[in-house]
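Numbers here simply count residues along the sequence, with the first being 1. When a ligand or atom number is given, it counts from 1 through the structure's own listing order.
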Amino acid sequence: MPVSDAVAPRRILGIETSCDETSAAVVYGTPTEMRLESLVILSQDVHRLFGGVVPEIASRQHLTGIVPAVRAALDDAQRSLADLDAIAVTHAPGLVGALLVGTSYAKALGFTHGLPVVPVHHLEGHLFATLLEHPDAAPPFTALLVSGGHTMLLDVPAWGRYRMLGQTRDDAAGEAFDKVAKMLGLPYPGGRHIEALAREAEAPARTHPHRFARPMLRKSAQPGDEDYYDCSFSGLKTAVLYAVRAAEQAGALEAQRAGIARGFQDALIDTLAEKVARAARIHRRTRVVMGGGVACNQALQDAIRERLAPRVTVFAPTPRLATDNAAMIAAAGLFRFAAGERATPTMTAQSSLPIPGIFS
Ligand code: KG4
Ligand code: ZN
């Protein structure tokens with residue numbers, strides 16, 4: 001996707017409604033140099049009551065939140081619609097009813113105000129999030145995308161060109177965090193609660209029952225083997241379930257909760273850090289860019305940094321930009337806008353869609 005170096009700076013409104021955050025943001029700049037002018041995130045707390053996102057409720061909340069979110073983003077940026085060059089909106093992947101609120105609203109707003117609409121893939125948005133805080137978080141790099149719905153390892157030679165190296169065969173990393181959190185009686189979404197609980201415990205010793213096997217981490221694995229980059233977390237989740245049951249039966253769950261959380265997190269992190277290190281080494285990258293909600297896990301960031309220092313710099317977004325937000329959609333939208341992409345009138349929400357420019 002060639003983009004001329006001499007691209008003029010543009011101002012773009014980003015809209016994100018793929019899951020349970022109604023978010024709007026204004027970003028100004030070029031695909032290589034951009035600044036965030038505002039970011040509003042309305043997080044739908046109601047889903048905590050159900051221990052997971054209820055799609056129908058999510059759609060309804062987006063409907064009531066989208067107009068105030070966009071208005072607040074423009075107000076915070078001290079801009080009006082007349083100051084915008086385009087609107088970027090997440091059109092895939094995600095909950096289709098939730099996405100539809102964003103795409104329908106963006107198209108209506110664009111049509112009535114004569115603004116082009118740029119469809120953005122949510123996962124490409126996660127890759128751009130870090131760029132808003134670190135201008136050096138630009139290709140070429142190794143990317144680790146770890147969210148509630150996805151776990152992917154990519155090699156990124158240029159924006160818009162994503163080589164798929166590996167992904168999870170079952171649960172996403174965030175999903176595993178959330179399920180283990182539920183087993184341990186922690187609120188949803190559980191990732192940050194597991195991280196906090198794990199901090200209270202020491203790493204379990206090699207022979208300790210809470211030292212869980214590292215999934216898909218064969219020392220003898222070679223590039224080209226299917227398990228060289230792929231991950232799997234469902235076996236780890238089951239091992240945690242057995243540990244929780246054993247602790248319950250012994251009447252010791254309270255005493256062992258932190259140890260189990262630590263054992264789980266260590267196993268997951270060891271696996272991800274090794275796979276990222278393999279990818280950076282084989283593709284000779286000196287940068288790693290992390291994205292997605294799990295990327296704000298400090299222990300994961302530290303483990304990857306430790307393994308790759310000093311040759312490789314690891315970039316991770318701050319929590320506000322790591323979890324779902326419209327700033328990352330606006331940032332990716334700037335790139336796609338500069339590349340000439342525009343939504344057709346038939347553009348609509350899609351629950352699943354490969355990242356544009358992905359290859360293997
Ligand atoms: O990217 P995101 O906001 O939504 C999706 O696109 O899925 O990611 C949400 C996921 C949840 O599974 C949440 O538990 C996880 O990110 N998460 C974390 C942490 N903060 C959020 N996982 C581990 N450690 C954290 N500190
Ligand atoms: Zn996401």
Side-chain angles (χ1 to χ4, degrees), residues 14-23 25 39 41-45 47-48 51-53 55 58 89-95 98-99 102 120-130 143-152 167-168 170-184 186-199 231 233 236-237 240 261-262 264-273 289-304 316-332 351-353 355:
I15 294 176
E16 155 66 35
T17 64
S18 69
C19 191
D20 58 346
E21 336 274 351
T22 314
S23 182
L39 171 58
I41 306 174
L42 307 180
S43 293
Q44 303 180 353
D45 277 350
H47 303 290
R48 282 168 204 269
V53 178
V89 63
T90 310
H91 74 123
L95 302 170
L99 286 164
V120 171
H121 192 284
H122 181 82
L123 295 180
E124 186 170 50
H126 275 303
L127 288 175
F128 272 84
T130 316
L144 176 67
L145 270 184
V146 269
S147 70
H150 297 89
T151 298
M152 282 181 189
Q167 54 187 326
T168 180
D170 37 60
D171 290 358
E175 195 179 349
F177 266 102
D178 294 341
K179 286 179 178 164
V180 167
K182 200 169 186 176
M183 292 175 205
L184 294 173
L186 296 166
Y188 173 87
R192 66 191 170 88
H193 301 287
I194 292 277
E195 182 176 15
L197 187 59
R199 236 179 267 131
C231 311
F233 299 117
L236 173 60
K237 193 183 62 189
V240 172
R262 176 70 193 253
F264 158 74
Q265 185 176 267
D266 282 5
L268 182 139
I269 286 178
D270 249 10
T271 307
L272 289 178
V289 172
M290 297 168 64
V294 184
C296 49
N297 185 292
Q298 197 60 50
L300 175 63
Q301 291 182 21
D302 292 348
I304 295 176
T318 52
R320 197 165 158 74
L321 290 176
T323 49
D324 290 350
N325 69 84
M328 67 186 200
I329 302 304
S351 59
S352 72
L353 186 78
I355 308 181

Novice: For Q298, is the nearest heavy atom under 4.0 Å from an atom of ligand 1?
Specialist: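 No, that is not the case, since the closest heavy atom of the residue is not under 4.0 Å from the ligand.
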
Novice: Can you name the nearest heavy-atom pair linking T151 to A173, along with the distance?
Specialist: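 Nearest heavy atoms, T151 then A173: OG1-N, 2.7 Å.
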
Novice: Starting from atom 11 (C) of ligand 1, find the nearest protein heavy-atom neighbour and note its residue, name and distance.
Specialist: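 In this structure, atom 11 (C) of ligand 1 has D178 OD2, 3.6 Å as its nearest protein heavy atom.
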
Novice: Of all the heavy-atom pairs spanning I329 and V120, show the shortest one and how long it is.
Specialist: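 For I329 and V120, the tightest heavy-atom pair comes out as O-CG2, 3.7 Å.
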
Novice: Under 4.0 Å from any heavy atom of C296, which atoms of ligand 1 are there?
Specialist: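 So the atoms of ligand 1 that pass are 20 (N).
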
Novice: Pairs of nitrogen or oxygen atoms closer than 3.5 Å, one from H126 and one from ligand 1: do any exist?
Specialist: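 Yes, at least one N or O pair falls under 3.5 Å.
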
Novice: Considering non-hydrogen atoms only, spot the tightest contact between L184 and A261 and give its length.
Specialist: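 That would be CD1-CB, 4.0 Å.
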
Novice: Checking a contact table here: which protein heavy atom is nearest atom 26 (N) of ligand 1, and how many Å away?
Specialist: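 Atom 26 (N) of ligand 1 sits closest to the protein heavy atom E195 OE1, 2.8 Å.
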
Novice: Atom 24 (N) of ligand 1: which protein heavy atom is closest, and how many Å away?
Specialist: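 Nearest protein contact, heavy atoms only, for atom 24 (N) of ligand 1 is N297 ND2, 3.0 Å.
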
Novice: Would you check if the side chain of S23 reaches a backbone N or O of A326 as a donor-acceptor pair within less than 3.5 Å?
Specialist: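 Yes, because the side chain of S23 sits within donor-acceptor range (under 3.5 Å) of the backbone of A326.
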
Novice: Compare every heavy atom of G149 with every heavy atom of A172, then report the nearest pair and how far apart it is.
Specialist: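 Reported closest heavy-atom pair: CB-C, 3.5 Å.
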
Novice: Restricting to non-hydrogen atoms, name the atom on L127 and the atom on V289 that form the minimum distance, rounded to 0.1 Å.
Specialist: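 Heavy atoms of L127 and V289 come nearest at O-CG1, 4.1 Å.
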
Novice: For atom 10 (C) of ligand 1, grab the closest protein heavy atom and report residue, atom and distance to one decimal in Å.
Specialist: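 Scanning the protein heavy atoms, the shortest distance from atom 10 (C) of ligand 1 goes to G148 N, 3.6 Å.
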
Novice: Is the backbone of M328 close enough, under 3.5 Å, to the side chain of N325 for a donor and an acceptor to pair up by distance?
Specialist: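 Such a contact is found between N325 side chain and M328 backbone.
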
Novice: Would you mind listing which atoms of ligand 1 come within a distance below 4.0 Å of any non-hydrogen atom of G149?
Specialist: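 This gives 7 (O) as the contact atoms.
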
Novice: Any nitrogen or oxygen of G174 lying under 3.5 Å from a nitrogen or oxygen in ligand 1? Just yes or no.
Specialist: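 By distance alone, the answer is yes.
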
Novice: Using 2.8 Å as a strict upper limit, say whether an N, O or S atom of C19 approaches the Zn ion (ligand 2) that closely.
Specialist: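 Coordinating: no.
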
Novice: Going by heavy-atom distance to atom 21 (C) of ligand 1, choose the closest among P319, G293, G191.
Specialist: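 The option holding the nearest heavy atom is G293.
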
Novice: Can you name the atoms of ligand 1, numbered from 1 with element, that are less than 4.0 Å from a heavy atom of H122?
Specialist: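 Once the distances to H122 are compared, the set is 6 (O).
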
Novice: Would you say E21 contacts ligand 1, with heavy atoms under 4.0 Å as the rule?
Specialist: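 So E21 does not count as touching ligand 1.
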
Novice: Between D178 and K182, is there a side-chain N and carboxylate O pair less than 4.0 Å apart?
Specialist: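 The answer is no: the pair does not qualify as a salt bridge.
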
Novice: Under 4.0 Å, heavy atoms only, figure out whether ligand 1 is touched by the backbone of D324, its side chain, both or neither.
Specialist: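 Both the backbone and the side chain of D324 come within reach of ligand 1.
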
Novice: So does L145 get a backbone contact from the side chain of H150, meaning a donor-acceptor N/O pair under 3.5 Å?
Specialist: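 Looks like no, no N/O pair under 3.5 Å.
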
Novice: Taking both backbone and side chain into account, is any N, O or S atom of H126 nearer than 2.8 Å to the Zn ion (ligand 2)?
Specialist: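 True for H126.
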
Novice: Of all the N, O or S atoms in D324, which has the shortest distance to the Zn ion (ligand 2)?
Specialist: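 That would be atom OD1.
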
Novice: Is there a donor-acceptor pair under 3.5 Å between the side chain of D170 and the backbone N or O of T168?
Specialist: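 No; zero donor-acceptor contacts below 3.5 Å.
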
Novice: For ligand 1, which atoms, with element, lie under 4.0 Å from some heavy atom of T323?
Specialist: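 This gives 3 (O) as the contact atoms.
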
Novice: Any heavy atom of C19 closer to ligand 1 than 4.0 angstrom?
Specialist: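 Judged by the 4.0 Å heavy-atom criterion, C19 does not count as contacting ligand 1.
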
Novice: Which atom names give the shortest non-hydrogen contact between M290 and Q301, and what distance separates them?
Specialist: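 Looks like CE-CG, 3.8 Å.
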
